[in-house]
Amino acid sequence: MALTGVIDRLKNTNLEEIGVSFSLADLMRDLKVEGNNVYIKLFSPSEKYHEYLKEKTEKTLKSIGAENVEVEFTSEPPKQQQQPPQPPPQQNPFESRRRIPGVKKVIAVASGKGGVGKSTVAVNLAAALKKKGYSVGYLDADMYGPSGPTMLGAKDKQVVATPDNKLIAPEAHGIKMMSIGLLLPSEDTPVIWRGPVLFKALSQFLFDINWGEELDFLIIDLPPGTGDVQITLGQTAEIDGAVIVTTPQDVALIDVKKGIQMFNEVQIPVIGIVENMSYFVCPDTGKKYEIFGKSKTEDVAKQYGTELLGKIPIEPKVAEFSDLGIPVVLAKEDAQSTQAFMEVAEKLIKKLSEQ
Ligand SMILES: Nc1ncnc2c1ncn2[C@@H]1O[C@H](COP(=O)(O)OP(=O)(O)OP(=O)(O)O)[C@@H](O)[C@H]1O
């Protein structure tokens, strides 16, 4: 067998099956051909691919007449070459996750379905943590329908950037906040995000905001559902936990299950579920009504190995103060919803401290 024939053949053997763009020849570190016997040393730092490369090499060389093929591997980088080709580029997509700078604990607030009160819960949780004396940030990552500025009475806040292009988070009710809503020309501007633009904007939102002093908690208000934003978040940022908001109806709970599964897939721990609009207490009689029927949220939480963090009543004050731009937790200390939000915040802190 001719040495040049062997080399040519190795050059023409691609390794696309393991997702790399180079050939067997690129991995070759030594080659000896004696008659029909071939000895070859291949560079492969990962044992994971040894069997595949051995079989591929034997098959390739036997197809041009080799009788014995001896394959050896080395993990030593070639001399004078800075970066040897690495065969296994099948990276863990979560490996490159970074911590959000200037924040101790990051909590994502999500919902499987729109309209269940996710933003209301996110804003009031932020307010409850603030009320407990923590420094808190609120990031409205609901890129398609940001309601954070309205709920925090911050629609007119101006966002300025530092010389190194970090967006300075304005403050509302003592909570540092940022929302795509503050950067759009008008509230009615529809936002159509194309994949790469969304990714870039979200990355900037996550990593290029100047929160001022270090935050104890950052609450991220996600869009409803299980889409691009959630996946991008899971792949780029280290999130300490997710809180899923639901209402008691079965249709909402189906989406909670999907939400939990998605967070498991993107490896974000689910801290618990908040059931919003759980019940209504008649102000005249004090009688409690479960308007949407008996809740099964606790069962679902147990089934999926998480817990119910609390039940928030339907209370007109929640919506009224929200529309006025003040979270009910800060506006009305004695409201039932305020008590419920404070309890959820306590449970949240406890669970995070156990992590
Ligand atoms: N516990 C509550 N009691 C009374 N009204 C509430 C309660 N929770 C939410 N609401 C009201 O319900 C409406 C929807 O709430 P919110 O915008 O928080 O939902 P969302 O799940 O974030 O919606 P989206 O899907 O648009 O992101 C708002 O008008 C809000 O004030």
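As the structure lists them, so they are numbered: ligands from 1, and atoms in each ligand from 1.
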Q: Measure the spacing between CZ of Phe292 and CD of Glu275 and express it to the nearest 0.5 Å.
A: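 So the gap between those two atoms works out to 10.0 Å.
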Q | From Lys62, Lys56, Lys54, residue fulfilling side-chain hydrogen bond (donor to acceptor under 3.5 Å, both in side chains) relative to Glu58 | A |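 Result: among Lys62, Lys56, Lys54, Lys54 is the only option passing the side-chain hydrogen bond (donor to acceptor under 3.5 Å, both in side chains) with Glu58.
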If you measure every N or O of [X] against every N or O of ligand 1, does any of those distances drop under 3.5 Å?
X	answer
Gly115	yes
Pro224	no
Ser147	no

Pull out every atom of ligand 1 sitting under 4.0 Å from any heavy atom of [X], numbered as shown with elements.
X	result
Asp142	27 (O)
Met277	8 (N), 9 (C), 10 (N), 12 (O)
Gly114	25 (O)
Ser119	18 (O), 20 (P), 22 (O)

For ligand 1, note which part of [X] has a heavy atom under 4.0 Å away: side chain, backbone, both or neither.
X	value
Asp323	neither
Glu315	backbone
Pro313	backbone

(Q) Hydrophobic clusters here meaning ILVMFWY residues chained together by side-chain heavy-atom distances under 4.5 Å, can you tell me if Tyr138 and Phe207 are in one? (A)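 Hydrophobic grouping puts Tyr138 with Phe207.
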(Q) Within the structure, is a non-hydrogen atom of Gly145 found at a distance of less than 4.0 Å from ligand 1? (A)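 In this structure, Gly145 fails to qualify as a contact of ligand 1 - no heavy atom is under 4.0 Å.
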Q.
Looking at ligand 1, would Met151 count as a contact under a 4.0 Å heavy-atom criterion?
A.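 Per 4.0 Å heavy-atom rule, Met151 contacts ligand 1.
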Q: May I ask you to decide if the ring planes of His50 and Phe73 are parallel, tilted or perpendicular, using 30° and 60° as cut-offs?
A: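 Answer is parallel, since the angle falls under 30°.
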Between [Y] and [X], is there a salt bridge with N-O shorter than 4.0 Å?
X	Y	result
Lys302	Asp299	no
Lys347	Glu343	no
Glu238	Arg99	yes

Is the shortest distance from [atom] to a protein heavy atom below 4.0 Å?
atom	value
atom 29 (O) of ligand 1	no
atom 13 (C) of ligand 1	no
atom 9 (C) of ligand 1	yes

Q) Should the pair Lys288 and Tyr279 be classed as cation-pi, given the thresholds of under 6.0 Å to the six-membered ring centre and 45° from the axis? A)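 Cation-pi check for Lys288 and Tyr279: passes.
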Q: Begin from the C-alpha positions of Ile220 and Ile100 and carry the test side-chain contact (heavy atoms from CB on, under 4.5 Å) through to its verdict.
A: CA-CA 11 Å; Ile220 305 185; Ile100 297 178; 4.1 Å; yes
Q. Are the aromatic ring centres of Tyr289 and Phe280 under 6.0 angstrom apart?
A.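 No; Phe280 has its ring centre 6.0 Å or more from that of Tyr289.
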**Q.** Candidates Val160, Leu182, Asp156 - the one meeting side chain to side chain contact (heavy atoms under 4.5 Å, CB included) with Pro170
**A.**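 Exactly one candidate clears the test, Leu182.
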Q) How close does the nearest protein non-hydrogen atom get to atom 20 (P) of ligand 1, and which residue and atom is it? A)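 Going atom by atom, the protein heavy atom closest to atom 20 (P) of ligand 1 ends up being Lys118 N, 3.4 Å.
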**Q.** atom 5 (N) of ligand 1: the protein heavy-atom neighbour that sits closest, reported with distance to 0.1 Å
**A.**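 Minimum-distance protein heavy atom for atom 5 (N) of ligand 1 reads Ala319 CB, 3.7 Å.
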(Q) Considering Thr120, Thr246, Val318 one by one, which has a heavy atom nearer to atom 16 (P) of ligand 1 than any of the others? (A)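 Going through Thr120, Thr246, Val318 one by one, Thr120 has the nearest heavy atom to atom 16 (P) of ligand 1.
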